[in-house]
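Everything on this sheet refers to the single structure shown next.
This one's a predicted model, so the numbers in the text were calculated from it and none came from an experiment. Basis for what follows: all heavy atoms, side chains included, without hydrogens, waters or symmetry-related copies. Proteins come first, then strands; the chains are lettered A, B, ... in the order of their sequence lines, and each starts at number 1.
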Amino acid sequence: MSIRIYNTLTKSKEPFEPITPGKVGIYLCGPTVYKEAHIGHMVGPVIFDTIKRYLTYNGFDVNWVVNITDVDDKLIGQSRERGITMSQVATEMTMDYCANLLAMGVDQITSMPRATENMVEIIQFIEGLIEKDYAYESSGDVFFDVQKDRQYGKLSNRSADEQQGEGGGAAAKKRSASDFALWKSAKAGEPAWDSPWGQGRPGWHIECSAMSRRLLGESFDIHGGGLDLMFPHHENEIAQSECCHGKPMAKYWMHNGLLRSGEAGKVGGRGERESDATDSVEQAASGKMSRSAGAGGLRDQLAKHGGEKIRFFLLKTHYRSTVVYSEAALDEAAIALDKFYVFFDRYERITSRSYYLAAGDDRKLVRRREEHDDSDTSGLLAEVKGYRDAYLAKMDDDFNSGGAVSELFNLLGSLNKFADQQNLEESAKRSQSDLDQFCRGVEVLRELSAILGLFLKPVASSAAGGSEETLDKLVQTFIRMRADARQNKDFALSDRIRDELTAAGVTLEDRKEGTTWRLG
RNA sequence: GGCGCCGUGCCCAAGUGGUUUAAGGGAGCGGAUUGCAAAUCCGUUAUUCAUCGGUUCGAAUCCGAUCGGCGCCUCCA
């Protein structure tokens with residue numbers, strides 16, 4: 001079974017065959033860094049981070065590029081508003097973006113080129129288009145001549161004359177309304193770069209054509225981005241690159257679904273949105289996730305929920321679907337995730353080792369899928385293999401992370417059941433061979449979840465550093481007091497101790513070999 | 001208006017021609033376990049996949065119509 005990818009260009013799933021065997025080039029359209037990111041900006045990075053992990057797991061050498069747009073009208077606007085330079089705005093917001101990516105576990109990006117650092121390449125690219133007569137200069141501006149591109153509109157299935165293009169002052173300079181800017185002349189006081197057409201800055205689309213060529217070549221394997229970028233951005237990228245090079249820009253075009261913000265009280269959903277006659281604030285906020293919709297800062301959301309929860313929440317659903325973001329939906333994801341965290345504690349009780357060390361270091365986790373030893377097919381391991389095969393089949397099918405997650409739950413259930421039945425928590429009753437089987441099953445769980453970028457390292461406890469130890473001592477004291485009460489059959493007192501701890505956020509669990517506790 | 005996407009149990013969600021008389025998670029209910037819980041396990045909640053027609057030996061999966069939702073056509077990921 002090989003990997004298949006849904007290609008927007010052909011509207012069908014196609015077998016994945018990279019242009020150069022063994023190597024994969026991916027370009028993902030990144031952010032315009034003028035304001036702090038919101039959760040919607042993380043959908044693409046999270047899914048492509050997962051895609052890269054999966055391709056690496058399958059033995060490919062992946063080069064993943066995410067661009068940073070650091071010159072643009074909105075950036076200029078921010079710099080004026082805040083009284084700092086455009087470059088300062090960009091640097092600040094790029095750092096914010098990168099910090100958010102890391103918090104979400106996105107650490108697979110190979111390079112993040114900035115538009116302003118690629119001016120030479122951009123200008124050369126525009127010159128090439130002018131030479132080939134696909135672009136023209138018009139009093140300091142340069143436009144792409146859409147009429148010259150016979151194939152224009154093939155990605156989004158539109159014809160050139162349907163497109164409005166930029167209006168305003170630029171319209172008068174254009175040969176036809178659908179032409180779009182490659183280079184914009186600078187007005188007084190705007191950041192500008194020297195060019196053959198005078199002082200100015202690049203248009204929105206050209207940086208992606210120029211930087212992808214520099215870093216990935218004239219033709220590369222996968223180009224990705226949000227569904228909203230399909231038109232006009234990606235269409236224009238195709239026009240620029242393919243007219244310039246005379247060959248396909250990217251073999252596979254992938255578009256992720258967009259995030260919507262949902263109203264409180266509803267878990268989410270693809271379809272309905274309740275519409276009241278009154279135009280309430282809540283209603284205005286329920287809809288497309290965008291900066292204007294008051295989606296809430298990602299920074300706050302990350303602080304509140306943690307990156308792993310949000311990542312899991314996004315990966316639970318197929319990347320091409322619309323996801324509705326709400327607190328209720330996130331709470332549900334948290335409950336589901338907890339099943340794994342609870343199991344990791346169980347693993348630790350059984351083996352006296354941290355789950356996070358179960359299969360060596362992280363690099364070993366992302367090994368080639370062929371490296372499996374399936375010679376041992378005894379009871380548990382046969383089941384484990386079944387779930388692993390199902391998991392990989394789901395991922396092979398257009399990176400169906402939602403389906404893959406369900407196999408993770410199946411695997412988890414299998415491991416819990418085995419631990420129950422073979423009394424693995426009671427050292428006197430268990431057998432070494434059962435323990436070995438169990439550990440090998442857990443290694444598979446760790447390996448498969450690593451593909452999704454989950455459970456790679458312990459989630460930072462809400463209690464900071466040193467106070468963690470103090471908290472444990474404190475809780476242990478209560479546990480001892482409660483144990484005494486239980487000895488004396490004073491259940492009223494023992495229950496009160498437990499209830500009050502629960503109210504304080506500490507859950508107790510009585511086990512054969514003693515009482516344990518956890519937060520939450 | 002043009003171009004697309006979607007409608008699966010109480011909620012979320014995979015599946016897109018037969019191995020599915022439909023995964024997985026949440027919620028509910030019943031049971032095992034527990035002093036009672038928590039956690040875990042077992043059972044249970046869609047003869048049905050918006051509706052109506054059609055194609056087919058066979059459809060949630062293909063085609064058409066209808067209803068409902070969503071996105072893009074404005075430099076929003």
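The partner of B:C3 is B:G71, judged by Watson-Crick or G-U wobble contacts that both fall below 3.5 Å. Across all strands shown, B:C52 forms a Watson-Crick or G-U wobble pair, both distances under 3.5 Å, with B:G64. The partner of B:G17 cannot be assigned: no Watson-Crick or G-U wobble pair with both contacts below 3.5 Å exists in any strand. Partner assigned to B:G58 is none, using Watson-Crick or G-U wobble distances below 3.5 angstrom. Base pairing analysis places B:G24 opposite B:C12; the two distances defining the Watson-Crick or G-U wobble pair are each below 3.5 Å. Pairing partner, B:A38: none, since no Watson-Crick or wobble contact has both distances short of 3.5 Å.
Comparing A:Gly225 and A:Lys489 by the nucleotide of RNA chain B that holds the closest heavy atom to each, the one mapping nearer the 5' end is A:Lys489. Nearest-nucleotide assignment on RNA chain B puts the 5′-proximal partner with A:Tyr6, out of A:His318 and A:Tyr6.
In summary, the side chains of A:Asp472 and A:Trp517 do present a donor paired with an acceptor at a separation below 3.5 Å, with no hydrogens or angles considered. No side-chain donor-acceptor contact under 3.5 Å links A:Asp484 and A:Gln487. With 3.5 Å as the limit, one finds a donor-acceptor pair spanning the side chains of A:Asn67 and A:Glu207. A:Thr507 and A:Arg498 share no side-chain donor-acceptor pair at under 3.5 Å.
Comparing the same atom, P, in B:C10 and in B:G64 gives a spacing of 30 Å after rounding to whole Å. Look at the P atom in both B:U45 and B:A22: the space between them is 10 Å, to the nearest Å. Atom P of B:A60 sits at a distance of 15 Å from the matching atom of B:G7, rounded to the whole Å. One P atom belongs to B:A32, the other to B:U48, and the distance between them is 33 Å to the nearest Å. Here the separation of B:U8 from B:U20, taken at their C1' atoms, is 13 Å to the nearest Å.
Comparing B:C70, B:G35, B:A77 by their closest approach to the side chain of A:Leu259 singles out B:A77. Nearest to the side chain of A:Lys13, among B:U16, B:A39, B:A77, sits B:U16. Ranking B:G35, B:C3, B:A77 by closeness to the A:Thr32 side chain, first place goes to B:A77. With B:C12, B:A77, B:A14 as the choices, the nucleotide that has an atom nearest any side-chain atom of A:His38 turns out to be B:A77. In this structure, of B:U40, B:G24, B:G35, it is B:G35 that holds the atom nearest to the side chain of A:Arg486. Here B:G2 is the nucleotide among B:G25, B:G2, B:A77 with the atom lying nearest to any side-chain atom of A:Arg158. In the set B:A77, B:A38, B:C36, B:A38 carries the atom at the smallest distance from any side-chain atom of A:Glu509. Each of B:A38, B:A14, B:C70 was ranked by its minimum atom distance to the side chain of A:Thr317; first place goes to B:A14. Checked against B:A37, B:A77, B:C72, the side chain of A:Arg498 finds its nearest nucleotide in B:A37.
Within the 4.0 angstrom heavy-atom criterion, no nucleotide atom of any strand lies near A:Gly203. Using a 4.0 Å heavy-atom distance criterion, A:Asn410 is classed as a sugar-phosphate-only contact. A:Asp495 comes within 4.0 angstrom of a base, heavy atoms only. Residue-level contact check: A:Arg346 touches the backbone only, with heavy atoms under 4.0 Å from sugar-phosphate atoms and none from bases. The residue A:Leu508 sits close to a base: some heavy atom pair falls under 4.0 Å.
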Could you please spell out the steps behind the side chain to side chain donor-acceptor pair (under 3.5 Å) verdict for A:Arg201 and A:Ser185?
CA-CA 7 Å; A:Arg201 62 178 184 276; A:Ser185 56; over 6 Å; no
Under the side chain to side chain contact (heavy atoms under 4.5 Å, CB included) rule, what do A:Asp228 and A:Leu258 come out as? Steps first, then yes or no, please.
CA-CA 8 Å; A:Asp228 53 344; A:Leu258 305 178; 3.7 Å; yes
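You cannot call A:Phe409 stacked on the base of B:G25; the centres under 5.5 Å and planes under 30° rule is not satisfied.
Look at CG on A:Leu424: it is 15 Å from C1' on B:A39, rounded to the nearest Å. Atoms CZ (A:Arg511) and P (B:C41) sit 12 Å apart, rounded to a whole Å. Rounded to whole Å, the distance from CD on A:Glu235 to C1' on B:C3 is 11 Å. Summarising the geometry, the separation between CG on A:Asn7 and P on B:C5 is reported as 14 Å, rounded to the nearest angstrom. For the pair A:Asp397 CG and B:U16 C1', the interatomic distance rounds to 10 Å; values are reported in whole Å. We find that CD of A:Glu500 is positioned 16 Å from C1' of B:A37, with the value rounded to whole Å. Atom CG of A:Leu258 and atom P of B:A77 are 11 Å apart (whole Å). Rounded to an integer number of Å, the gap from CZ of A:Arg482 to C1' of B:U34 is 11 Å.
In this structure, A:Asp398 pairs ionically with A:Arg320, as a charged nitrogen and a carboxylate oxygen lie closer than 4.0 Å.
A close approach under 4.0 Å does not occur between any side-chain nitrogen or oxygen of A:Ser494 and OP1 or OP2 of B:A37. Taking only side-chain nitrogens and oxygens, A:Asn400 comes nearer than 4.0 Å to OP1 or OP2 of B:G15. For the pair A:Lys417 and B:C42, the criterion of a side-chain N or O lying under 4.0 Å from OP1 or OP2 is met. For B:A23, the OP1/OP2 oxygens have no side-chain nitrogen or oxygen of A:Lys394 closer than 4.0 Å.
Around the NZ atom of A:Lys11, the shell of radius 6.0 Å holds more than 12 heavy atoms that belong to other residues, nucleotides or ligands.
Judged by distance alone with a 3.5 Å cut-off, a donor-acceptor contact links the side chain of A:Asp510 to the base of B:C36.
A centroid separation of less than 6.0 Å is found between the aromatic rings of A:His205 and A:Phe180.
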